[in-house]
Protein chains: 4
Amino acid sequence: MKSPRERIVEITFELFAKQGYNSTGINQIISEAEVAKASFYQHFKSKEDLCVEFLKVRHEYWFGELNHFIAKEKSLKSKIINAFDFLVYMNEKENFRGCSFLNILSEIPMDNTKILSVIQSHKADLRNFFLELLDDNEFSDHVYMLFESSIIESQLFKSNELIEKSKKIVTNLIQ
Amino acid sequence: MKSPRERIVEITFELFAKQGYNSTGINQIISEAEVAKASFYQHFKSKEDLCVEFLKVRHEYWFGELNHFIAKEKSLKSKIINAFDFLVYMNEKENFRGCSFLNILSEIPMDNTKILSVIQSHKADLRNFFLELLDDNEFSDHVYMLFESSIIESQLFKSNELIEKSKKIVTNLIQ
Amino acid sequence: MKSPRERIVEITFELFAKQGYNSTGINQIISEAEVAKASFYQHFKSKEDLCVEFLKVRHEYWFGELNHFIAKEKSLKSKIINAFDFLVYMNEKENFRGCSFLNILSEIPMDNTKILSVIQSHKADLRNFFLELLDDNEFSDHVYMLFESSIIESQLFKSNELIEKSKKIVTNLIQ
Amino acid sequence: MKSPRERIVEITFELFAKQGYNSTGINQIISEAEVAKASFYQHFKSKEDLCVEFLKVRHEYWFGELNHFIAKEKSLKSKIINAFDFLVYMNEKENFRGCSFLNILSEIPMDNTKILSVIQSHKADLRNFFLELLDDNEFSDHVYMLFESSIIESQLFKSNELIEKSKKIVTNLIQ
DNA sequence: CATGAATGAGACTTCATTCAT
DNA sequence: CATGAATGAAGTCTCATTCAT
């Protein structure tokens with residue numbers, strides 16, 4: 001059996017992604033991780049602390065999956081297009097749960113800078129991901145914003161329709 | 001003094017928009033609205049019910065403000081551009097609180113169809129708003145998605161930078 | 001059955017006096033008072049709040065008992081002497097638990113001014129009790145201090161010995 | 001660097017005197033003493049055990065300071081008076097924290113005989129201190145009790161007023 | 001239509017102590 | 001003798017909702 005800390009992180013990964021931050025209580029986490037409550041607090045100063053850890057793990061996971069997903073593509077253009085396909089893949093896999101980072105952004109008080117900055121940093125990385133591929137600040141942000149909308153709108157409408165539309169738009173722009 | 005129901009709705013309007021759904025308790029609402037608890041439940045079956053009412057009021061308010069904001073513009077193009085300026089205006093006014101609808105989307109359990117459908121309907125109306133202006137399904141959705149990102153990214157980074165960028169992009173596209 | 005609030009106050013009265021402030025948890029109080037946890041917090045904002053209420057009730061009770069105990073005495077001198085006998089009576093009744101006010105004084109952080117001032121006010125009243133009887137500021141404080149020591153030393157040694165000694169001293173001084 | 005045991009005892013000395021028994025956790029002690037948890041339990045069976053050690057150290061310290069403080073005085077009378085000045089000195093030094101022994105008396109369950117007897121023994125020594133100086137059982141206890149009140153009342157009112165009053169009373173009695 | 005007491009189920013957190021390494 | 005992860009039990013407090021008046 002894995003260490004309590006590992007079990008906590010794993011379960012948190014699942015639950016925060018599936019149910020969100022506020023809907024997931026410490027009690028559920030420790031009960032599903034089969035860990036004593038005090039063991040939890042040995043490793044994490046607070047729920048907020050756990051949230052930061054979760055976002056870090058999620059960050060690694062998400063970019064890992066994304067890079068893996070587009071790795072097989074050769075051309076720049078198809079890499080970009082595949083990034084959108086990655087969203088479809090994730091929606092299928094995670095049942096249109098949207099972006100964990102943006103979801104938590106909505107769930108925390110606006111003045112929680114500790115968590116906010118982790119989220120900002122994740123999105124800054126994503127913005128940079130497109131910048132490095134496209135090497136044109138304005139166009140890369142254009143794609144980034146269509147990408148962001150794609151995530152949100154597919155979460156909202158439980159449908160990949162607008163992802164596909166974005167793909168088409170980007171395809172046309174990218175010539 | 002206004003009726004209890006009106007007072008509840010008004011206070012809820014302020015509090016949900018400012019603090020979010022989960023961070024606003026029934027107790028705060030009834031105390032600030034100076035209404036008895038059971039009077040509250042006379043008018044609203046549950047907090048969820050109140051949320052639906054809030055979203056409806058917010059919908060009216062938001063589109064009202066938007067239409068008023070762009071009414072003075074004559075040309076189609078400047079109407080669109082001004083819609084983005086409206087976001088800047090709202091951010092200033094509401095301190096980068098983002099979109100109430102998307103925020104609540106993140107705060108509720110995924111299977112809450114009652115609230116979900118109100119949010120979907122609001123965004124469908126917004127999508128239609130651009131469609132009616134632009135009369136081109138693909139292009140209007142393109143603008144819609146940049147508009148949505150603009151809201152979210154400005155909330156995330158507490159900055160209007162990407163709204164301005166979107167404006168520039170749209171300006172170029174719209175020729 | 002009495003109201004929840006009454007039951008809480010009664011049980012608290014017993015438990016704080018018997019076990020002290022820190023050793024008595026909210027859980028024990030509500031379980032013995034057969035009250036829901038949230039009912040408790042309907043009536044008392046916090047444990048500190050309950051403590052203030054307890055001290056007020058205790059204040060009334062303690063002075064009530066004291067005055068009743070010495071009421072039968074005619075002469076000033078015998079009233080004073082009987083006040084010390086009251087301590088013996090209370091020790092017997094409450095098993096040498098000492099002064100609730102001084103006990104709590106030791107249990108709270110030094111900067112808790114809310115509770116501190118209630119304790120100070122109780123002791124100021126006691127000091128005044130002797131002043132009104134004796135009408136001589138220095139002598140009344142002398143008696144007050146012997147009275148205070150009597151309480152503490154009898155708590156410490158679980159014995160009325162020093163109360164009796166104080167009685168003798170005061171008797172001799174009072175001629 | 002001193003031995004772990006010494007470091008524990010030193011830190012405990014500071015913390016128990018400053019914050020009290022219940023407000024000082026084992027974790028704070030070991031962290032400030034820079035000692036491993038199990039090392040702590042190597043040396044002390046329990047927190048209660050540590051408390052006993054603390055009281056012993058405090059006993060030595062307190063009487064050491066007291067005796068040193070009054071050593072310079074020649075006459076019996078001025079030794080007694082100076083004992084009261086010692087209380088003023090300690091209040092200034094320790095910010096009206098009162099008597100560590102009486103504070104802990106209030107913080108422990110009444111049936112904790114192990115700690116109780118250490119406290120009793122300390123106060124018996126103090127009572128004896130006055131007896132040896134004054135050689136008159138009744139008068140020495142009279143002074144002892146004024147001394148005890150002086151400590152407590154100055155803790156309660158954060159003021160040396162009643163110490164000064166006691167000094168005056170004792171001065172008059174002592175002729 | 002108004003009142004506010006009462007509630008069950010949960011929230012998050014900390015305590016002193018033990019144990020495997 | 002040192003380390004720090006793991007623990008059970010308990011801590012205080014808040015939630016949306018119901019009910020008797």
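These numbers were taken from a predicted model, which means no experiment stands behind them. Throughout, protein chains are lettered first and strands after them, A, B, ... in sequence-line order, and every chain is numbered starting at 1.
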Legend entry - F/dC1 phosphate, OP1 or OP2, under 4.0 Å from D/S39 side-chain N/O: no
Legend entry - Below 4.0 Å: OP1/OP2 of F/dG4 and any side-chain N or O of A/H43: no
Inset, instruction - Ignoring hydrogens and angles, tell me if any N or O in the side chain of D/D49 forms a donor-acceptor pair with the backbone of D/F44 under 3.5 Å. - result: no
Whole angstroms only, please: what is the [atom1]-[atom2] distance between [X] and [N]?
X: A/R7; N: F/dA6; atom1: CZ; atom2: C1'; answer: 10 Å
X: B/I30; N: F/dT17; atom1: CD1; atom2: C1'; answer: 11 Å
X: D/I29; N: E/dT17; atom1: CD1; atom2: P; answer: 11 Å
X: A/K2; N: F/dA6; atom1: NZ; atom2: C1'; answer: 19 Å
X: B/I108; N: F/dC15; atom1: CD1; atom2: P; answer: 20 Å
X: B/D49; N: F/dT17; atom1: CG; atom2: C1'; answer: 13 Å
X: A/Q42; N: F/dT3; atom1: CD; atom2: C1'; answer: 12 Å

Inset, instruction - Using the C1' atoms only, state how far F/dT21 lies from E/dC1, rounded to an integer number of Å. - result: 13 Å
Inset, instruction - Report yes if the side chains of A/N103 and A/Q155 come closer than 4.5 Å at any heavy-atom pair, otherwise no. - result: yes
Legend entry - Test item: D/L55 and D/C51 side chains (from C-beta on) under 4.5 Å apart, heavy atoms: yes
Short heteroatom pairs, N/O only, protein and nucleotides 10-14 of chain E, under 3.5 Å:
unit_1: E/dG10; atom_1: O6; unit_2: C/K37; atom_2: NZ; d: 3.4
unit_1: E/dA11; atom_1: OP2; unit_2: A/N27; atom_2: ND2; d: 2.5
unit_1: E/dC12; atom_1: OP1; unit_2: A/K47; atom_2: NZ; d: 2.8
unit_1: E/dC12; atom_1: OP2; unit_2: A/I26; atom_2: N; d: 2.6
unit_1: E/dT13; atom_1: OP2; unit_2: A/Y41; atom_2: OH; d: 2.8
unit_1: E/dT13; atom_1: OP2; unit_2: A/K47; atom_2: N; d: 3.1
unit_1: E/dT13; atom_1: O4; unit_2: A/K37; atom_2: NZ; d: 3.3

Legend entry - Heavy atoms from other residues, nucleotides or ligands near NZ of A/K56 exceed 12 (cutoff 6.0 Å): no
Legend entry - Trace of the salt bridge (Lys or Arg N to Asp or Glu O under 4.0 Å) decision for D/K47 with D/E107: CA-CA 13 Å; D/K47 195 187 181 188; D/E107 293 198 63; over 6 Å; no
Inset, instruction - Scan side-chain atoms only and decide if C/N95 and C/K158 contain a donor-acceptor pair under the 3.5 Å cut-off. - result: no
Inset, instruction - Give the ring-plane orientation class for B/F13 versus B/F54, where under 30° counts as parallel, over 60° as perpendicular and anything between as tilted. - result: tilted
Which side-chain N or O atoms in residues 29-36 of chain D pair as donor and acceptor under 3.5 Å with protein atoms at least two apart or in another chain?
unit_1: D/E32; atom_1: OE2; unit_2: D/Q28; atom_2: NE2; d: 3.1

Inset, instruction - By nearest nucleotide on DNA chain E, pick out whichever of B/P4 and C/E34 is the more 5' one. - result: B/P4
Legend entry - From CG (B/L15) to CD1 (B/I8), nearest 0.5 Å: 12.0 Å
Legend entry - Stem regions touching DNA chain E, defined by at least 3 consecutive Watson-Crick or wobble G-U pairs below 3.5 angstrom: E:2-21 with F:2-21
